[in-house]
Protein chains: 2
Amino acid sequence: MGKKSKVSMAVIRRLPKYYRYLGELLDRDIKRISSQQLSELTGFTASQIRQDLNNFGGFGQQGYGYNVEELHKQLGKILGLQKTYKTIIVGAGNLGQAIAHYRGFQREGFKMLALFDINPRLIGLKLWDIEIKDVETLEDFIKENEVDIGVICTPKEVSQEIADKLVKSGIKAIWNFAPTDLKVSKDVVVENVHLNESLFTLSYLLKEKLKKDEE
Amino acid sequence: MGKKSKVSMAVIRRLPKYYRYLGELLDRDIKRISSQQLSELTGFTASQIRQDLNNFGGFGQQGYGYNVEELHKQLGKILGLQKTYKTIIVGAGNLGQAIAHYRGFQREGFKMLALFDINPRLIGLKLWDIEIKDVETLEDFIKENEVDIGVICTPKEVSQEIADKLVKSGIKAIWNFAPTDLKVSKDVVVENVHLNESLFTLSYLLKEKLKKDEE
DNA sequence: CCAATGTGGTAATTTTTTTTACAAATTATT
DNA sequence: AATAATTTGTAAAAAAAATTACCACATTGG
């Protein structure tokens, strides 16, 4: 049925930050917050925050502000964090292991089922309670376990091949850490973490900063 | 002296991608490329690419396009990749180790000098030729070695404290992997890699995708 | 050497995003 | 209870970013 209008990517990428600050406020037992206060925390303007939130509904109340617990809950719902996602990681190097171990993801419902690697020395090892499996068994595992999300932590040379297997096995979301742009069918969502691009951006900003200092 | 006008962040964040694709073309021994072809590779429009590049100079030639080697070199220069950056990593867990090991960064001039950690079991270990040092020695090391970039791979609880030490010791660029917004003086540049925000964005997109499939 | 084609640079336009402004509703204060 | 102070939701305006359009120039092919 006709959704009103698509929310812009610019808005969507701000939501997780709101969610994070709301979570911190919740931990500190703060009950209410105004867009003005949220602006001071996040660095976005108060007006932008109000407009962003209004894309999804009127969660605030004039003269009062937003109820922290309620808004946090609503943002979680908007972000899809109320359900559990079955997640696997391909590539059990340091990066894959780092993600597997990170408690924050598990806490928000991303259940790490298994790691996959091609290295015989790693296959069979258990990290905490997550097993490293043979990448040969990847496709069967995804189908049997109805995996939702695949994380690619492999070298770039094999990342497309892995992506193809993930998609073929029915995965609908890929979190890609390889420095490539994956080609996938249009019904699969991909979120890239391109560390090289991030570092090069930092390099640019540092260079400009130093240049300005010279003047 | 007066720079013409500040280049927008939107443009800057596209540059590393251009640089990456140019590098691939260079490896494939392709000599020339038009904005149209680059558009097909990167997914940006040809016009946008031309406009982006023109912020920094006219690197192309009408009727010919861009010389791959030359443009790659120029982009490297714009991004500040022609020089070497002395880099340290604070937090020698899986993530810190992953970054320390990644050859791609070293190749572009980011020289990883050392890792720092608080864990006595890690201190003194050598990963390849990079030593894990006591975080107590962090500030002295930075001053003695004139470190350019600090990478924060610690838990969020100590990330601000580490950032303060980095800044105090003279570091001008921070690559932050902790899920926090660091407060630093205005003459320090910070680039965040907020993995939680990235994953939550993926979660949002997956949720929307599934919702649309139901309709 | 000439014409046809390809292509970058850039101005003009359109679209998107952000900011400003303010009415309506609520809470706090006296 | 009345008034003042907050604060949201949203319309309007402004700013930023992306697209379109086109000229000038270079290359290519005859």
Side-chain angles (χ1 to χ4, degrees), chain A residues 3-18 21-22 25 30-75 78 197 201 204-205, chain B residues 3-19 21-22 25 30-75 78 197 201 204:
Chain A
K3 263 283 287 306
K4 245 162 282 179
S5 58
K6 212 169 106 281
V7 178
S8 88
M9 210 55 194
V11 173
I12 294 162
R13 291 211 174 272
R14 284 191 291 264
L15 299 180
K17 193 154 164 176
Y18 299 145
Y21 278 101
L22 267 297
L25 292 168
I30 292 167
K31 302 294 185 207
R32 57 184 273 195
I33 187 130
S34 68
S35 58
Q36 182 54 48
Q37 294 170 303
L38 213 38
S39 161
E40 283 152 25
L41 284 174
T42 61
F44 303 128
T45 66
S47 149
Q48 188 167 51
I49 292 169
R50 293 202 299 275
Q51 266 192 345
D52 284 354
L53 296 176
N54 255 86
N55 280 288
F56 303 96
F59 304 120
Q61 192 163 31
Q62 285 131 318
Y64 178 87
Y66 299 88
N67 178 296
V68 170
E69 188 173 353
E70 173 67 11
L71 184 55
H72 183 261
K73 200 178 83 186
Q74 291 294 334
L75 279 168
I78 290 163
E197 296 184 8
T201 300
Y204 174 90
L205 296 173
Chain B
K3 265 284 285 307
K4 246 163 280 180
S5 57
K6 212 168 107 282
V7 179
S8 87
M9 210 55 195
V11 173
I12 293 163
R13 292 212 174 271
R14 284 191 291 266
L15 299 180
K17 193 155 165 176
Y18 300 145
Y19 183 75
Y21 276 102
L22 267 296
L25 292 167
I30 292 168
K31 302 294 185 208
R32 56 184 275 194
I33 186 128
S34 67
S35 59
Q36 182 54 50
Q37 295 169 303
L38 213 38
S39 160
E40 283 153 24
L41 284 174
T42 61
F44 304 127
T45 67
S47 152
Q48 188 167 50
I49 292 169
R50 294 202 298 276
Q51 267 194 345
D52 284 355
L53 296 176
N54 256 87
N55 280 289
F56 303 96
F59 305 121
Q61 193 162 33
Q62 285 133 321
Y64 179 87
Y66 299 89
N67 178 296
V68 171
E69 190 174 352
E70 173 66 12
L71 184 55
H72 183 261
K73 199 178 81 186
Q74 290 296 334
L75 279 168
I78 291 163
E197 296 183 6
T201 301
Y204 175 91

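In what follows, every chain begins at residue 1, and chains take the letters A, B, ... in the order their sequences are listed.
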Exercise for the section: Would you sort out whether B:Leu53 and B:Tyr66 count as a side chain to side chain contact (heavy atoms under 4.5 Å, CB included), showing the intermediate values? Expected result: CA-CA 11 Å; B:Leu53 296 176; B:Tyr66 299 89; 3.7 Å; yes
Fill in the blank from the handout: Between the CG atom in B:Leu75 and the NZ atom in B:Lys17, the distance rounded to the nearest 0.5 Å is 14.0 Å
Handout entry: Contacts of type side-chain contact (heavy atoms from CB on, under 4.5 Å), residue A:Ile12, not counting sequence neighbours
Key = A:Val7, A:Met9, B:Thr201, B:Tyr204
Practice task
Might you point out which heavy atoms bring A:Ile49 and A:Leu38 nearest each other, and give the distance in Å?
Solution key: CD1-C, 3.7 Å
Handout entry: Spatial distance of atom CD (B:Gln74) from atom CG (B:Leu15) [nearest 0.5 Å]
Key = 12.5 Å
Handout entry: Non-neighbouring partners of A:Glu69 that pass side chain to side chain donor-acceptor pair (under 3.5 Å), sequence neighbours left out
Key = none
Measure all distances between protein nitrogen or oxygen atoms and nitrogen or oxygen atoms of nucleotides 26-30 of chain D, and list the pairs falling under 3.5 Å.
| from | atom 1 | to | atom 2 | distance (Å) |
| --- | --- | --- | --- | --- |
| D:dA26 | O4' | B:Gln62 | O | 2.7 |
| D:dT28 | OP1 | B:Arg32 | NH1 | 3.2 |

Show the distances under 3.5 angstrom between N or O atoms of the protein and N or O atoms of nucleotides 11-17 of chain D.
| from | atom 1 | to | atom 2 | distance (Å) |
| --- | --- | --- | --- | --- |
| D:dA11 | N6 | A:Gln51 | NE2 | 3.4 |

Exercise for the section: For A:Arg13, check side chain to side chain donor-acceptor pair (under 3.5 Å) against everything at least two apart and list the hits. Expected result: A:Glu191
Fill in the blank from the handout: So side-chain hydrogen bond (donor to acceptor under 3.5 Å, both in side chains) across residues 42-51 of chain B, not counting sequence neighbours, yields B:Ser35-B:Arg50
Handout entry: Nucleotide D:dG9, atom P - distance to CG of A:Asp52 in whole Å
Key = 12 Å
Exercise for the section: Within residues 35-45 of chain B, find the residues that approach DNA chain D with a heavy atom at under 4.0 Å, and present them sorted by residue number. Expected result: B:Thr45
Exercise for the section: Can you sort out the partners of B:Tyr18 under ring pair (Phe, Tyr, Trp, His ring centres under 6.0 Å), two or more places apart, ordered by chain and number? Expected result: B:Phe44
Completion exercise
With sequence neighbours left out, the residues meeting side chain to side chain donor-acceptor pair (under 3.5 Å) with A:Gln36 are A:Glu40
Handout entry: Side chain to side chain, A:Asp52 and A:Arg14, heavy atoms closer than 4.5 Å
Key = yes
Exercise for the section: Answer whether the closest heavy-atom distance between the side chains of A:Leu41 and A:Leu25 falls below 4.5 Å. Expected result: yes
Problem - Selection: residues 65-75 of chain B, any non-hydrogen atom under 4.0 Å of DNA chain C - result: B:Gly65, B:Tyr66
Practice task
Calculate the interatomic distance between A:Ile49 atom CD1 and D:dT7 atom P; express it in whole Å.
Solution key: 13 Å
Handout entry: Audit row: A:Val11, A:Phe56, side chain to side chain contact (heavy atoms under 4.5 Å, CB included) steps and yes/no
Key = CA-CA 11 Å; A:Val11 173; A:Phe56 303 96; 4.3 Å; yes
Fill in the blank from the handout: The first and last nucleotides of DNA chain C lying within contact of chain A, meaning any atom under 4.0 Å from one of its heavy atoms, run from C:dT17 to C:dA28
Problem - Residues forming a ring pair (Phe, Tyr, Trp, His ring centres under 6.0 Å) with B:Phe59, sequence neighbours excluded - result: none
Handout entry: Test: A:Arg32 cationic atom under 6.0 Å from A:Tyr64 six-membered ring centre, within 45° of axis
Key = yes
